[in-house]
Structure formats: structure tokens, C-alpha cells
Amino acid sequence: MRDEAADAAYALGWAAVRRMPEAVAHEIFMLIAERTWRKHGRGVRQLEKNLRRVVGPEVSEQALRDLSRQGMRSYMRYWLEAFRLPAMSRERIDSGMRITGIEDLRADLDEGRGVVVALPHMGNYDHAGAWIALSGVPFTTVMERLRPESLYDRFVAYRAGLGMEVLPATGGDGDVFRTLAARLRDARLVCLVADRDLTASGVEVEFFGRTAKMPAGPAALAIETGAALRPVTLWYEGREWGVRVHEEIRVPDEGERLDKVQAMTQSLAHVFADGIAAHPEDWHMLQRVWVEDLG
């Protein structure tokens, strides 16, 4: 029943929210954010636990609560935009984007080299994906399989409608890694959210002074195919969207394959940490990341 209710809620969101006046929809979602924050449930408590590691022990409890309040408003803005994005005009998507470093990514593709973009759960990566697809660069991504299947199908249709090729993380036809590698060898773009490991094969990294687990896939794909591995961080700038494409993380010259994956994933973690520290309110991480929380 809970799965069916979730599916119905998302269906209503995509059907109704996009048709509301933007100001009305924004007010509703900010009220949801406020209510959720005040309720201080498990997700908000985990968000605050995560943010505590970002801002350090010197920040007061009240300041941390204020930051988590901003974080919930940012998170609800993401969902508001997710429901409205399919009906958002191309002019609005284009004009609101403030992106740096995109020239280097385009240069890689123009030279016939694939690119792996690795990004954290920051800002609005769906908007960034719509923007890059509208600019003529199709790309492939991977999505966790949701329950029920109808909800997963809705998300696939939503992202496919924005110009993305979506592969299921599990339960699909064929080997996901092999498919992604094929796209990269064809000088395509692959985008992977990579700040939280969803498998038992994650790489342990130092992240804000503690041990966390992040997926090995982005680094392994770059090593396997010769693609460029580029971290991307995202945030909100008023009503607009900020994105930075960072410098390539290169494959180390020495070491075994596992050592190279470890070193490159650690470099990703450092870039993510810098981006999150600069915009902690836009890191939408309400789940456990650090090993000590995983049990």
C-alpha cells in the first residue's frame, strides 16, 4: 500500500504541479519543507548528522538546525522543479544556468574521447541534465530501481523526456558496466551520481575526516575506456542554477588497478567535499554515507 501510495503521489505531482502558477507551487513546497523540518523525523535527523560532519563541531546546535532548515527548503525546491521541469521552457532552462568548465568537457567529446561525469546529490542535476541534452549532447545515466515498478517507470519516462538514456542499476538487460563502457568508447557522455555507495563493493575514502564509501564505477570506467573523469558540483544561485565542471581526475601512472580506482575515487571525494563545504545547504543527503553510520 505504501508503494502504491508513493506511485500515486508522484503521478499527481507530475500531473498537477506543472500546471499550477509557479508562485503557488513554490509556496506549497516551502510549507512542506517547513513542516518536515519542524517534525524532525529520521530523514532530517540524518541530514543534520551529515551536515555536522561538514561544518564541524564548532558550529552551534542552533546554527546547525538553521542550516538543515535551509537544506530542506533546497531539497523541496529540487522536487518542485522535478515536477515542473517537463513543462519548463527551453528559454528558462538555458537562461537560468550558470556553468563553468563546460568548454573542457566539450573539447574532450569533440576530440573523440568519452567523458564520465561524477556528481554528488547537490542542487538540481536533472536540470543540468536537461540543459546539456538541449545543448546537443546526449548522455547516459544509471538509476536505482524503485518500488513499485510503475514508479520506476515514471522516473525513467521523466528523465528520458529530458533527453537522457536511463539504465537500471539492477535487473536490466545485459551488463550495465559493459553498456556504459561501450557508450564511452563511442565518445559519449556518461553521468553518474557518486557520493553514496548502494552496493557492497564501494570504495572506502576519507570524507570530511571520516571514512565513507563511494562507488568504484566512475573511476573503473575511466581506467577501462580511457575516458576523462570529471567531477561536477551543483548549487542554487537565487532563482538560477550554478554548476562547475572540475578538472579531469587522471589515471595514476603507477599501481595496480584497484590502487588506481582507490586513488581516483579519493580524489573525487576531495572535490565533492570542497563543493559541499561551499554550499552545504544544497547537499540533499538525507541518507547514511559514513561507514560508522552504516553498522
Between atom [atom1] of [X] and atom [atom2] of [Y], what is the distance when rounded to the nearest 0.5 Å?
X    : Y    : atom1 : atom2 : result
H40  : M72  : NE2   : CE    : 10.5 Å
M285 : H121 : CE    : NE2   : 5.0 Å
T233 : H246 : OG1   : NE2   : 3.0 Å
R230 : D104 : CZ    : CG    : 5.0 Å
M76  : I28  : CE    : CD1   : 13.0 Å
Q46  : L51  : CD    : CG    : 10.0 Å

Compare every heavy atom of [Y] with every heavy atom of [X], then report the nearest pair and how far apart it is.
X    : Y    : answer
A160 : V166 : N-CG2, 4.4 Å
R84  : A25  : NH1-CB, 4.2 Å
P120 : L234 : O-CD1, 4.3 Å
A277 : V54  : CA-CG1, 4.1 Å

Legend entry - T100: partners by side-chain contact (heavy atoms from CB on, under 4.5 Å), with sequence neighbours left out: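 Only R244 meet the side-chain contact (heavy atoms from CB on, under 4.5 Å) criterion with T100.
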
Inset, instruction - Output all residues satisfying salt bridge (Lys or Arg N to Asp or Glu O under 4.0 Å) with D94, sequence neighbours left out; order by chain, then residue number. - result: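 Scan of D94 (salt bridge (Lys or Arg N to Asp or Glu O under 4.0 Å), adjacent residues dropped) gives R90.
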
Check this for me: [X], atom [atom1], are more than 12 non-hydrogen atoms of other residues, nucleotides or ligands nearer than 6.0 Å?
X    : atom1 : answer
L294 : CG    : yes
E256 : CD    : no
E34  : CD    : yes
R250 : CZ    : no
H26  : NE2   : no

Any sub-3.5 Å donor-acceptor pair from [X]'s side-chain atoms to [Y]'s backbone N or O?
X    : Y    : value
Q262 : A216 : no
D175 : F177 : yes
R113 : G226 : yes
D126 : R159 : no

Legend entry - R77/E81 ion pair, N-O < 4.0 Å: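 Answer for the salt bridge query: yes.
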
Legend entry - Within-4.5 Å side-chain heavy-atom neighbours: W241 and I99: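 A side-chain contact is absent here, since even the closest heavy-atom pair is not under 4.5 Å.
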
Legend entry - Side chains of V117 and Y125 in contact at under 4.5 Å (non-hydrogen atoms):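 In short, these two side chains do not touch, never coming nearer than 4.5 Å.
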
Contacts table for residues 128-143: side-chain donor-acceptor under 3.5 angstrom, sequence neighbours left out:
| residue | atom | partner | partner atom | Å |
| --- | --- | --- | --- | --- |
| S135 | OG | R106 | NH2 | 3.0 |
| S135 | OG | I132 | O | 2.6 |
| T140 | OG1 | E165 | OE1 | 2.5 |
| T141 | OG1 | C191 | O | 2.8 |

Inset, instruction - Walk me through it: do R52 and E48 pass the test salt bridge (Lys or Arg N to Asp or Glu O under 4.0 Å)? - result: CA-CA 6 Å; R52 169 60 73 191; E48 291 178 353; over 6 Å; no

Legend entry - Steps toward salt bridge (Lys or Arg N to Asp or Glu O under 4.0 Å) verdict (E224, R178): CA-CA 10 Å; E224 178 74 17; R178 184 176 299 176; over 6 Å; no

Inset, instruction - Quick one: do E240 and R98 satisfy salt bridge (Lys or Arg N to Asp or Glu O under 4.0 Å)? Show the steps, please. - result: CA-CA 7 Å; E240 298 175 341; R98 300 290 175 263; 3.0 Å; yes

Inset, instruction - Step by step, work out the side-chain hydrogen bond (donor to acceptor under 3.5 Å, both in side chains) result for N50 and W283. - result: CA-CA 10 Å; N50 294 339; W283 187 38; over 6 Å; no

Legend entry - Ring geometry between W290 and F207 (parallel below 30°, tilted from 30 to 60°, perpendicular above 60°):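 Rings of F207 and W290: parallel, as their planes differ by under 30°.
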
